Amino acid sequence: MSKPSIPKGTRDFLPATMVKRNYIFSTIKKSFIKFGFLPIETPCMENTSTLMGKYGEEGDKLIFKILNSGDFLSKVDEQSLSEKNSNGILSQISEKALRYDLTVPFARFVVQNQNEIAFPFKRYQIQPVWRADRPQKGRYREFYQCDADVVGSDALIYEVELVQLFDEVLSNLGIKDFTIKINNRKILSGIAEITGMSDKIIDITVAIDKLDKIGAEGVIKELREKEIPDSAIDKIKPLFELKGNNSEIIEVMKRMLSNSEMGMKGIEELEYVFEKINLLGLENAILEFDVTLARGLNYYTGAIFEVKANNVSIGSICGGGRYDDLTGIFGLKGISGVGISFGADRIYDVVEELQLFPSFSSETTQLLLINFGEDENKSLQILNQFRKSNINTELYPTDAKLKKQMSYADAKNIPYVLFLGEEELKSGSFNMKNMVSGEQTQMNIIEIIEKLKP
RNA sequence: GUGGUUGUAGCUCAGCUGGUUAGAGCACCGGGUUGUGGUUCCGGGGGUCGUGGGUUCGAACCCCAUCAUCCACCCCA
């Protein structure tokens, strides 16, 4: 018999891990609620057609497709089947797929439920997503995203708000040193425009995004491979040497993009965000204009965000941006949206690496009642009494040997045990042992409740 | 999808140049102890050495294939 296992890139979570994961989720959720976002959920699977084509060519490959039920092959047309054409038969054998992110399903949700929601609609959503990627450090095939998006308004105050949200959540998790990188797709469009390569904007942005990784030489090499002429590359080159603080870089970009209306609009939007953030201040985050930031999905049209924890070996932990026409794909035009996503699993890895998790001892059992096989009714009543006083309590199920019962308390880190022996049950005075100090005291039920009450 | 790494007990790993019955620590179970855990002592269960083939008198060890794993690239949270 083969050992049981789980699919590549997926994980089991033990109780000790879940307690910490829940802490991250609840910290994020608390801030989402504070900023006025409302919860929604969508199904883990969507129609394949809803997802395909929304994430670029690479994205399509990374979507998990779900096979149709029944004898699906018999319905495939002979020709595609004999040609062994995977893409050709895909739509015939799979009409459902696991969601790849929360944004596209949300766009679908907005279009479908447009008459039942009030715009601007601020929603948050904390659910798992699946990607058929090769797993590696900090990369899983099943992971949680925690999204907050606003649709139905193009007001820039939301960009400001989302920067504050990044700052608040990560600060509340105890992370002190992190950078929120911000850019604007209109600036990237402006760059493509002044080089006369507007149609190559994706190739250009993907290449310059890699600047800090492969260096100027590498970027130039990649641009050439994408058939960007040297004359255009020369115009892009100044980006590789940008230095200074945010406002200095903005000034340089203003000069560079002065002939691009689109580019100047992007600068203007960016300046607004900086101005308001300067007014309001940030707790721990460093907000940094990064012209090379281009990651993200093809649908961003305005602001682009990415958050990186400094001095940890984990990639970006949050992302986001504005997408003017996301719902347009599903038939609802003119609805602008802006949103961000917290990668809970990576944030977990960061908080773990930085040893920032608090202790969660109060969330586990506080008191174990040691079972001597005496008056069971009385024992159950005592158990009830503790629970009604909000003390996390359990009764050992059998009168097993003391060693076994105490070991159980030990394994679960239960700080107190109470001996429900014959004498105690009769007299009402119980022997309670502190499992940390080893100290034992005689107390009645009322006194114990008083002592352990949260 | 591309390149590399590693597969030995539930977990972490040792195992010499190919040599007889494959080991340790931790974990688990039982006992020393029928009202005292974590410390300690004694004992126990547990392995098709990832899988299939090849070389050899003989393979955990060498060769080939395959699967899995982790790391990196692409891309991304």
Side-chain angles (χ1 to χ4, degrees), chain A residues 1-10 12 14 24 28 55-63 86 99-103 126-147 166 202 205-207 209-210 213-214 218 222 225 293-298 305-309 313-321 339-350 368 370-374 396 399-425 430-440:
Chain A
M1 197 171 55
S2 59
K3 283 184 200 174
S5 65
I6 53 176
K8 195 196 302 206
T10 64
D12 282 332
L14 290 163
I24 289 182
I28 293 172
Y55 307 103
E57 218 174 296
E58 281 299 312
D60 282 356
K61 287 186 205 157
L62 300 181
I63 294 171
S86 302
R99 63 165 166 255
Y100 176 90
D101 72 356
L102 299 179
T103 308
I126 299 176
Q127 290 191 274
V129 303
W130 294 269
R131 295 185 187 177
D133 223 340
R134 281 253 178 121
Q136 54 182 279
K137 188 170 184 185
R139 174 178 298 184
Y140 310 101
R141 289 184 136 182
E142 177 183 59
F143 61 96
Y144 271 75
Q145 288 194 330
C146 312
D147 277 29
F166 279 138
I202 301 278
T205 52
V206 166
D209 180 47
K210 295 176 192 160
K213 210 167 184 177
I214 59 178
E222 180 155 335
E225 280 165 13
L293 174 62
R295 338 205 65 187
L297 308 162
N298 304 348
F305 302 111
E306 177 175 283
V307 182
K308 172 101 179 58
S313 56
I314 314 252
S316 58
I317 53 176
C318 308
I340 58 174
S341 179
F342 291 82
D345 303 77
R346 284 193 178 173
I347 291 174
Y348 179 101
D349 292 344
V350 168
L368 177 72
I370 300 288
N371 189 333
F372 285 91
E374 299 297 335
Y396 199 87
D399 60 340
K401 286 185 180 169
L402 271 212
K403 181 176 172 124
K404 197 165 170 65
Q405 300 196 43
M406 306 277 291
S407 298
Y408 175 78
D410 235 11
K412 277 188 85 170
N413 270 319
I414 298 173
Y416 293 97
V417 299
L418 191 66
F419 297 87
L420 298 190
E422 191 182 0
E423 282 304 309
E424 282 92 339
L425 287 169
F430 295 89
N431 182 6
M432 186 165 80
K433 176 161 181 166
N434 178 326
M435 293 296 279
V436 181
S437 66
E439 180 194 0
Q440 304 194 48

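All values reported here derive from a predicted model rather than from experimental measurement. Below, chain A is the first sequence line, B the second, and so on; all start at residue 1.
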Between B/G45 and B/G30, how far apart are the C1' atoms? Round to whole Å, please. 10 Å

What distance, rounded to whole Å, do you find between the two C1' atoms, one in B/G32 and one in B/A22? 31 Å

Aromatic rings A/Y55 and A/Y100: how do their planes relate, parallel, tilted or perpendicular, breaks at 30° and 60°? tilted

Just call it for A/K61: base, sugar-phosphate, or nothing, with non-hydrogen atoms closer than 4.0 Å on any strand. nothing

Nucleotide nearest A/L62 (side chain, heavy atoms from C-beta), chosen from B/G35, B/G37, B/C75: B/C75

B/U2 base / A/R134 side chain donor-acceptor hit below 3.5 Å: yes

Under 4.0 Å, heavy atoms only, any strand: does A/V129 hit a base, just the sugar-phosphate, or nothing? nothing

How far does the P atom of B/C76 sit from the matching atom of B/G4, given to the nearest Å? 25 Å

For the pair A/D399 (side chain) and A/N371 (backbone), establish whether a donor and an acceptor sit closer than 3.5 Å, ignoring hydrogens and angles. no

Can you tell me how far P of B/U40 sits from CE of A/M406, to the nearest Å? 17 Å

Does B/C75 have a Watson-Crick or wobble mate here (both distances under 3.5 Å), and if so which one? none

Pick base, sugar-phosphate or nothing for A/S407, based on heavy-atom distances below 4.0 Å to the nucleic acid. sugar-phosphate

State whether the distance check finds a donor on one side and an acceptor on the other, under 3.5 Å, for side chain A/E424 versus base B/G35. yes

I'd like the P distance from B/G43 over to B/U6, given in whole Å. 38 Å

Distance check, C1' atoms only: B/U48 and B/A60, in whole angstrom units. 12 Å

Check whether any side-chain N or O of A/K401 sits under 4.0 Å from OP1 or OP2 of B/G35, and answer yes or no. no

Could you tell me if the side chain of A/F342 sits less than 4.5 Å from the side chain of A/I24, heavy atoms only? no

Which part of the nucleic acid, if any, lies within reach of A/K210 when heavy atoms closer than 4.0 Å are counted: base, sugar-phosphate only, or nothing? sugar-phosphate

Phosphate OP1/OP2 of B/A68: any A/K8 side-chain N/O under 4.0 Å: no

Could you say whether A/D133 or A/L402 is positioned toward the 5' end of RNA chain B, judged by the nucleotide with the nearest heavy atom to each? A/L402

Would you mind telling me which of B/C75, B/A77, B/C73 lies closest to the side-chain atoms of A/F143? B/A77

Side chain of A/D410 - closest among B/A77, B/G37, B/C74: B/G37

Whole-Å distance between B/U36 C1' and A/D399 CG? 16 Å

From CG of A/L14 over to C1' of B/A27, roughly how many Å is that when rounded to an integer? 13 Å

Nearest-Å distance, NZ (A/K412) to P (B/G38)? 18 Å

Could you give the distance separating B/A59 and B/C49 at their C1' atoms, to the nearest angstrom? 11 Å

Closest non-hydrogen atoms of A/V417 and A/M406, given as atom of the first, atom of the second and distance, are CG2-SD, 4.2 Å

May I ask you to decide if the ring planes of A/Y408 and A/Y396 are parallel, tilted or perpendicular, using 30° and 60° as cut-offs? perpendicular

Base-pairing assignment for B/A68 (Watson-Crick or G-U wobble, both under 3.5 Å): B/U6

Return the value, rounded to whole Å, for the distance between atom CG of A/L102 and atom P of B/A77. 11 Å

Using a 4.0 Å heavy-atom cut-off across all strands, classify A/K433 as base, sugar-phosphate, or nothing. base

Starting at CD1 of A/I63 and ending at C1' of B/C76, how long is that distance when rounded to a whole Å? 13 Å

Quantified in whole Å, what is the C1' atom distance between nucleotide B/G54 and nucleotide B/G18? 15 Å

Quick one: does any side-chain atom of A/R99 pair with a main-chain N or O of A/P128 as donor and acceptor, under 3.5 Å? yes

Any base atoms under 4.0 Å from A/D345, or only sugar-phosphate, or nothing? Heavy atoms, all strands. nothing

Please state how far atom CG in A/D60 lies from atom C1' in B/G1, giving the value in whole angstrom units. 15 Å

Within the 4.0 Å heavy-atom criterion, would you say A/G438 contacts the bases, only the backbone, or no part of the nucleic acid? base

A/Y396 OH to B/G37 C1', straight-line distance once rounded to whole Å: 12 Å

Closest approach to the side chain of A/N431, judged atom by atom: which nucleotide of B/G30, B/C75, B/U36 is it? B/U36

What about A/R139, does its side chain sit under 3.5 Å from the base of B/C75 through a donor-acceptor pair? yes

Using atom P in both nucleotides, what's the gap between B/G1 and B/U66 to the nearest angstrom? 14 Å

Test A/L420 against A/E374 for side chain to side chain contact (heavy atoms under 4.5 Å, CB included), laying out the working first. CA-CA 8 Å; A/L420 298 190; A/E374 299 297 335; over 6 Å; no

Is any N or O donor-acceptor pair between the side chain of A/Q405 and the base of B/U36 shorter than 3.5 Å? no

Give a yes or no on whether A/Q136 atom CD has more than 12 heavy-atom contacts from other residues, nucleotides or ligands under 6.0 Å away. yes

With heavy atoms under 4.0 Å as the rule, sort A/Y140 into base, sugar-phosphate or nothing. base

Would you please confirm or rule out a distance under 4.0 Å between OP1 or OP2 of B/C76 and any side-chain N or O of A/K308? no

What is the pairing partner of B/C62, taking Watson-Crick or G-U wobble pairs with both distances under 3.5 Å in any strand? B/G54

Pair assignment for B/A24, Watson-Crick or G-U wobble, requiring both distances under 3.5 Å: B/U12

May I ask you to verify if any side-chain N or O of A/Q136 is less than 4.0 angstrom from the OP1 or OP2 atom of B/C71? no

Side chain A/R141, main chain A/W130, donor-acceptor under 3.5 Å: no

Among B/G32, B/A72, B/C75, find the nucleotide with the atom closest to the side chain of A/E58. B/C75

